[in-house]
Amino acid sequence: MSTSTPQENFYDFKTIEKKWQDHWLDNATYRVSTDTEKEKYYVLEMFPYPSGRIHMGHVRNYSIGDVVARYKRFRGFNVLHPMGWDSFGLPAENAAIKNNSHPARWTYDNIDYMRDQLRQLGLSYDWDREIATCNPEYYRWEQYIFLEMYEKGLVYQKNTSVNWCDSCQTVLANEQVIDGCCWRCDEEVQARSMNGWFFKITAYADELLEDLDKLGGWPEKVVTMQRNWIGKSQGLQCDFAVDGLDESLSIFTTRPDTIFGVTFMSIATEHPLIEKLLANNPRKEAIEDFITRIANEKQQQANSDLTEKEGIFTGCSCVNPFNGEKIPIYVANFVLMGYGTGAVMAVPAHDQRDFEFAKKYDLPITAVVSPEGIELNSDEMAEASTVPGVLINSGAFTGMDSEEAKQAIINQAVQDGFGSAHTTYRLRDWGISRQRYWGAPIPIIYCDTCGVQPVPAEQLPVTLPEDRESGQNECAPLHQRSSFFTTSCPSCGQEAKRETDTMDTFVESSWYFARYTCPRFTDSPLNREEASHWLPVDQYIGGVEHAILHLLYSRFFTKVLRDLGYLDIDEPFTNLLTQGMVIKDGSKMSKSKGNVVDPNDLITEYGADTTRLFSLFAAPPEKDLEWNAKGVEGCFRFLNRINRFITNNLDALLKGKRKLPAKLNGSETQLHRKTHQTISKVTGNIEQNFHFNTAISAVMELVNTLSALAGDQKKEVIDNGVLYEAVSNILILLCPIVPHFCSEQWAMLHKDHSIEDEKWPVWDEQAIKEDELTIIVQVNGKVRAKLQVSADIDNKALEGLALKDEKVLKFIDGKTIKKVIVIQKKLVNIVV
RNA sequence: GCCCGGAUGGCGGAACUGGUAGACGCAAGGGACUUAAAAUCCCUCGCCUUUUAGGUGUGCGAGUUCGAUUCUCGCUCCGGGCACCA
């Protein structure tokens, strides 16, 4: 639509949308409370970070959610559909520095603007439940939960190696380290050992893994990603005595069956045993140099590709408890201290990485598992053999099947007291400490006398100091504020210091969905009654980029809150829909690519309804959506066609009877049938998989049929009852998608009630049935003719008709018919 | 490297448990209305050919079947996740 276009050609979306938005807001139409009469339905879209303005991804996400919410209301559910703001985070601090403002100011301004934008989209939220996670009334309860978790031993402090940027004076997350340098200032990142707070998510590793089976309403892909992330493996933990020291080296392996093939040992550069191995070691200097070099390389290559495997002999050895063999100990760059025990028994014959290492350092290779039908020669192997087989060179276990041997060897280790069955997870505990200002303060006090003290619950919330000076890029901002960190010990009353780290912002989003059920509750984090009524979330909708972290943390919090007595569910989200990205010109919309479409422009030009309609029509929700400006116009045209039809037929629609006549003529039958087919199609598309694109197509077809049969060139007179049936159903079926438009059109036809008082239509199976069928006739699988037959024809008669058809005769003439296949009501295939 | 997806006209996408491939929309071409434009309406629209018809066609190659976009096997390309996990 160009600006020179006369407005009178189009429906007046500006006035209409404003009118209905005001109406919904003034009447709090979408406010909900517990209702025992109606079944509850909780639909939730991932809440946004208030970055400034909404983008097309938000429009798509929230449009999908809004259709679900409105549809479920039509189906008679009591729908909880809340919205809020994930409003802590680093961008606010950066923006505050840049604009010489305060993070809170910047954040709340953004929230105000974006709330307005969401309202302009006509989203049916219960705004009374709005929450902002940076509000002390929200994070006080997060601090409260933290303290309860602390009490239960689910929160602890430990020293770990982190990415440290010296110029920014802060810890960086892995994804903020680019090629070994800080994403913001390009300073080289260092490894630094720091004390931080951790949530013991590993305590729930098994349950988080097992309960994945309960998530039948989640995309298989997301479940798999979580399963791999948790990464459970079972095997043997076994101790190897260190030669000449009163120490043992503990290893974990998933291949106990290969234990007789161990020819060396690889340990991590950070392994605690190294210190002891280096005492009085003639090679001490070389080993230390190696370790320092590897440590630096590791830090810089945290995000890059694999480096070559390297190691250094320590000069020390240990003993394989199964056969008494002496095993040299190497320090190797590929061994992770954070997984297993930080030491790996190396079996080069059956592990590719160990194989390469052995070749490089000329270490022996001993094959101990012989795959069926193959004779392994240790000296001639070109690569490791990782398949199962029969044990060889394995003492008492020789001849045993490798799968069987795993258990037998574990049993032996247990019996002899040097090992046991053990389960290891890839999942690590969740480090939540951030040296930032704009986050929820960790409610802990350090007292020189009494040590670590939790802040007493009655002193919550620990609020952020408001005197944040702007214009400074300071490190650990809370650490600079004595007004904040100076306090008194809750135990002895002496002067003490507050923890100055804030919590990872993922903590806020791990339980907000529960807080929505009782957003203003002041007694505890959650009102058990409300939470148990509304939860779990029936339908959760958001980007697949949160498939692991956010969704895993939320599942973890749900289990913790359950164990703290606040919830009675195991899993927070029954059904999950992960929507695709919004793409333009083949790549994701981004400022740097300059291919951003601003929702504001679209709303101004075509209105919210068209914007919603297109974002739902162009692709099914789970797929990426390719933006097409012309496609938007097509959607706008569609709405105008409906508007024009109703306007042109308003007299008949208002004055005529709204009941179907007793007998229908040809056109009426067709329209009536199409109407009911459309109801069935749309309902099915929404219920099955939220494929709104095909639902919209179906309504478009109905509108096409309507124009053809009842438009200007109509052939037969259409009874008003049939006409009304078609029109009213078009409006109800489209209402969840284009609510302002349908509300307005409905209001033109009805003075007494709004469209939202209507029930979702039910289709009539009888009306759907076609009385004539098109039967395909194939000869040797190729379509040769189409027959119009009455719907009740039997197979025998059908076969007869097909064999007599002129076009078919052409192809079977003079040939022997081998076989005739008749598929009821569908096709006849003649094989010659 | 491993684990998931995906590939259908000029484009976005349809096609129920194997049964008319290309619904719906966009773009394109032709026509009507108009002084003209906008808007609207009608027609055509996978490719090829000897065009009232026939051939061919759902990334490539096989297979199962009367019949495959759909099922099986083997590839190619694209997207995503994990990445020294012992």
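These figures come from a predicted structure and were not determined experimentally. Lettering of chains follows the sequences in order, A, B, ..., and the numbering in each one begins at 1.
- Interface remark: the A:Lys309 side chain does form a donor-acceptor pair with the B:C84 base, using a distance-only criterion of under 3.5 Å.
- In this structure, A:Tyr425 contributes its side chain and A:Ala205 its backbone to no donor-acceptor pair below 3.5 Å.
- Glycosidic conformation, B:G9: syn, with the torsion inside 90° of 0.
- With hydrogens and angles ignored, a donor-acceptor pair closer than 3.5 Å exists between the side chain of A:Gln778 and the base of B:G19.
- Of the candidates B:G54, B:C24, B:G13, B:G54 carries the atom nearest the A:Lys810 side chain, counting heavy atoms from C-beta on.
- Counting only heavy atoms from C-beta on, A:Ile823 has its side chain closest to B:G19 among B:C66, B:C84, B:G19.
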May I have the list of side-chain donor-acceptor pairs in residues 337-352 of chain A shorter than 3.5 Å, sequence neighbours left out?
residue	atom	partner	partner atom	Å
A:Tyr339	OH	A:Ser233	OG	2.8
A:Thr341	OG1	A:Ser250	O	2.6
A:Thr341	OG1	A:Ala343	N	3.4
A:Thr341	OG1	A:Ala343	O	3.4
A:His350	ND1	A:Ser385	O	2.8
A:His350	NE2	A:Val368	N	2.9
A:His350	NE2	A:Val369	N	3.1
A:Asp351	OD1	A:Arg353	N	2.9
A:Asp351	OD1	A:Asp354	N	3.0
A:Gln352	OE1	A:Ala384	N	2.9
A:Gln352	NE2	A:Glu356	OE2	3.3

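- When distances are taken from the side chain of A:Asn829 to each of B:G12, B:G13, B:G67, the shortest belongs to B:G67.
- Residue A:Ile548 has its side chain nearest to B:G81 when only B:U20, B:G13, B:G81 are considered.
- An OP1 or OP2 oxygen of B:U20 is reached within less than 4.0 angstrom by no side-chain nitrogen or oxygen of A:Arg784.
- Within a 6.0 Å radius of CD in A:Gln788, other residues, nucleotides and ligands contribute more than 12 heavy atoms.
- Between A:Lys826 and the phosphate of B:G67, there is no side-chain N or O to OP1/OP2 separation shorter than 4.0 Å.
- Separation of the A:Phe334 and A:Phe357 ring centroids falls under the 6.0 Å cut-off.
- A centroid separation of 6.0 Å or more is found between the aromatic rings of A:Phe614 and A:Phe636.
- Although no hydrogens or angles enter the test, the distance criterion places no donor-acceptor pair under 3.5 Å between the side chain of A:Asn333 and the main chain of A:Ile294.
- In this structure, of B:G81, B:A23, B:G67, it is B:G81 that holds the atom nearest to the side chain of A:Met225.
- When distances run from any side-chain atom of A:Lys630 to the nucleotides B:C26, B:G80, B:C66, the shortest one goes to B:C26.
- Counting only heavy atoms from C-beta on, A:Thr224 has its side chain closest to B:C3 among B:C3, B:A14, B:G81.
- Of the candidates B:A86, B:G81, B:C82, the closest approach to any side-chain atom of A:Trp229 belongs to B:C82.
- An OP1 or OP2 oxygen of B:A86 is reached within less than 4.0 angstrom by no side-chain nitrogen or oxygen of A:Arg426.
- At B:C66, one or more side-chain N or O atoms of A:Lys819 fall inside 4.0 Å of OP1 or OP2 (strictly under the cut-off).
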Bracket notation of RNA chain B in which parentheses pair within the strand, [ ] cross earlier pairs, and | pairs with another strand (Watson-Crick or G-U, under 3.5 Å): (((((((..(((......[....))).(((((.......))))).((((...))))..(((((..]....))))))))))))....
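- Of the possible donor and acceptor atoms, one in the side chain of A:Asn780 sits under 3.5 Å from a partner among the backbone N and O of A:Val832.
- Summarising the local packing, NZ of A:Lys807 is surrounded by 12 or fewer heavy atoms from other residues, nucleotides or ligands at distances under 6.0 Å.
- A:Arg641 places no side-chain N or O within 3.5 Å of a backbone atom of A:Asn704 that could act as its donor or acceptor partner.
- If you check the side chains of A:Asn685 and A:Thr694, you find a donor sitting under 3.5 Å from an acceptor.
- Between B:G54, B:C66, B:U20, one nucleotide has an atom nearer to the side chain of A:Ile821 than all others, and that is B:C66.
- If you check residues 637-648 of chain A against RNA chain B, the residues with a heavy atom closer than 4.0 Å are A:Arg637, A:Arg641, A:Arg644, listed by number.
- Checked against B:C3, B:C24, B:C26, the side chain of A:Glu701 finds its nearest nucleotide in B:C24.
- Side chain of A:Asp429 to backbone of A:Ile201: a donor-acceptor contact under 3.5 angstrom is found.
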What pairs of donor and acceptor atoms, side-chain ones from residues 217-227 of chain A against any protein atom, are under 3.5 angstrom apart with sequence neighbours left out?
residue	atom	partner	partner atom	Å
A:Trp218	NE1	A:Phe573	O	2.7
A:Thr224	OG1	A:Glu220	O	2.9
A:Gln226	OE1	A:Arg555	NH1	2.8
A:Gln226	NE2	A:Ala547	O	3.0
A:Arg227	NH2	A:Asp213	OD1	3.4

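- Partners of A:Phe741 by ring pair (Phe, Tyr, Trp, His ring centres under 6.0 Å), not counting sequence neighbours, listed by chain and number: A:Tyr11.
- One C1' atom belongs to B:U35, the other to B:G30, and the distance between them is 23 Å to the nearest Å.
- Across residues 686-696 of chain A, A:Asn693, A:Thr694 each have a non-hydrogen atom less than 4.0 Å from an atom of RNA chain B (numbered order).
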